[in-house]
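Values in this document were obtained by computation on a predicted structure and should not be read as measured data. Letters go in sequence order (proteins before strands), and every chain restarts at 1.
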Amino acid sequence: MQTQLESLFGNDIYETIVRTAEVNATAELSNVTKTAPMLKLLATILLTKGEKLFICATGEKTGKRYEAVKCLCSGQQIESIKTAQLSNSRVKLKLYDKSKEKNITDKGLLRIEFIYSSRGLKVARTGKTLAEFLKPDSILSLLSWYRKDYKELLIDCYWNNTDRYDLNDEYNVPVYEEMITIIYNDLVSHDGQPLSVALINKNLIEIDYELFKRACKRYYPKLNSAQKAWARVQKSGEIQVNIGVIDEFVSISKQIISG
DNA sequence: CACAAGGTGGACCTATGGAC
DNA sequence: GTCCATAGGTCCACCTTGTG
């Protein structure tokens with residue numbers, strides 16, 4: 001790489017000031033259809049942090065109710081999410097469906113990019129010039145910040161790990177638990193009515209059907225009735241059923257963090 | 001392997017609400 | 001009011017899966 005850079009730009013290139021840098025990972029999902037719900041999950045998580053998101057989406061149509069109508073869409077299929085400079089002003093985040101670009105595989109490809117600002121690079125101590133930036137220490141440091149930022153932004157929020165042992169903070173409910181609670185509370189206030197409740201909470205349930213199953217298990221005293229309820233809702237065809245999205249989020253997160 | 005727990009599908013019953 | 005369709009809760013029989 002060194003010789004290539006030299007031959008292209010001459011020796012002065014190493015004095016170039018590095019102002020931004022991108023760190024990327026591509027996560028492979030078991031199925032193309034999982035990418036869109038995965039992006040929904042990530043958007044939901046990021047929105048809890050009060051960050052602004054730029055979401056690029058196309059319309060999608062699911063549910064038999066929408067067969068009665070020609071044009072109207074039932075929801076959005078997210079293709080990419082960008083954040084503004086995050087509140088720490090060190091980094092921007094970009095998430096998108098890589099298989100949309102490449103169109104090569106039946107696996108889903110989720111691209112996770114962190115774009116570090118000059119402030120972000122300063123905090124990561126990667127030096128000012130390209131020569132300093134290219135040192136192994138700088139690159140390793142940036143990678144460790146990447147892991148740290150990913151953990152703080154997405155995982156800690158999902159699990160609500162504050163990393164602080166603040167005994168006064170008794171509120172320690174992970175986001176996925178809150179999602180289940182919302183659905184569960186609707187089941188309670190409607191005395192069941194699983195199909196109506198599912199439609200009310202379509203946006204959550206379509207992230208991962210497991211959320212609805214958990215809410216049913218919590219609501220019905222008899223496991224059997226819970227199973228019947230979610231089976232009938234699934235059979236109704238009104239709700240997009242995505243399975244195992246949250247599980248895959250957890251497993252790709254582990255891979256990213258452990259490097 | 002055996003066993004338990006979880007999941008699926010069929011059958012039955014009941015409550016509700018609309019058509020007449 | 002009756003009649004009927006539908007949603008949804010329960011029970012049962014059977015299959016699948018994970019665990020020791």
Side-chain angles (χ1 to χ4, degrees), chain A residues 27-42 44-45 59-77 105-110 151 154-161 172-259:
Chain A
E28 192 175 281
L29 308 179
S30 61
N31 192 299
V32 215
T33 59
K34 280 193 179 161
T35 321
M38 181 70 75
L39 285 167
K40 269 185 199 171
L41 173 65
L42 296 170
T44 309
I45 292 173
E60 72 182 350
K61 246 184 146 169
T62 42
K64 293 195 171 168
R65 291 177 307 143
Y66 281 83
E67 287 170 10
V69 123
K70 209 175 171 189
C71 313
L72 188 68
C73 289
S74 60
Q76 293 97 42
Q77 172 142 356
T105 160
D106 57 344
K107 307 255 174 153
L109 294 175
L110 179 73
K151 181 172 179 302
L154 295 168
I155 301 180
D156 288 350
C157 180
Y158 175 73
W159 291 104
N160 194 11
N161 302 323
N172 192 28
V173 180
V175 177
Y176 72 91
E177 276 294 337
E178 289 195 343
M179 295 175 176
I180 296 168
T181 300
I182 290 285
I183 303 166
Y184 168 79
N185 285 346
D186 283 342
L187 283 169
V188 171
S189 60
H190 289 78
D191 293 318
Q193 308 245 36
L195 184 55
S196 306
V197 170
L199 287 173
I200 292 169
N201 294 290
K202 202 171 185 295
N203 55 341
L204 289 179
I205 295 172
E206 289 189 342
I207 290 173
D208 193 326
Y209 203 63
E210 193 61 33
L211 295 168
F212 185 57
K213 289 187 179 181
R214 296 281 172 89
C216 287
K217 274 190 199 170
R218 195 177 296 173
Y219 172 73
Y220 292 95
K222 295 176 184 174
L223 176 61
N224 211 319
S225 304
Q227 290 165 336
K228 212 68 202 180
W230 76 59
R232 279 173 175 151
V233 169
Q234 178 161 6
K235 206 181 170 197
S236 78
E238 298 293 358
I239 299 278
Q240 199 185 91
V241 176
N242 295 305
I243 295 163
V245 176
I246 288 178
D247 284 348
E248 285 205 26
F249 165 72
V250 172
S251 92
I252 63 175
S253 296
K254 278 183 188 157
Q255 287 172 39
I256 286 175
I257 292 220
S258 59

N or O in side chain of K222(A) less than 4.0 angstrom from dC11(C) OP1/OP2:
yes
Does any N or O in the side chain of N201(A) come within less than 3.5 Å of the main-chain N or O of I183(A), such that one atom is a donor and the other an acceptor?
no
Would you say dT8(B) has OP1 or OP2 under 4.0 Å from some side-chain N or O of Q227(A)?
no
Counting just side-chain N and O atoms, does W230(A) come under 4.0 Å of either OP1 or OP2 of dG7(B)?
no
Does any N or O donor sit under 3.5 Å from an N or O acceptor when you compare the side chain of K228(A) with the base of dG8(C)?
no
CD (E60(A)) with more than 12 external heavy atoms under 6.0 Å:
yes
Select base, sugar-phosphate, or nothing to describe what K235(A) touches, counting heavy atoms under 4.0 Å on all strands.
nothing
Under 4.5 Å between any side-chain heavy atoms of T181(A) and R218(A), yes or no?
yes
Could you check whether any side-chain heavy atom of L41(A) comes within less than 4.5 Å of a side-chain heavy atom of M179(A), counting everything from C-beta outward?
yes
Classify the side chain of R232(A) and the base of dG9(C) as holding, or not holding, a donor-acceptor pair under 3.5 Å.
yes
From the list dG9(C), dG7(B), dC11(C), which nucleotide is the closest neighbour of the side chain of K217(A)?
dG7(B)
So, is K213(A) near the phosphate of dG7(B), with a side-chain N or O under 4.0 Å from OP1 or OP2?
no
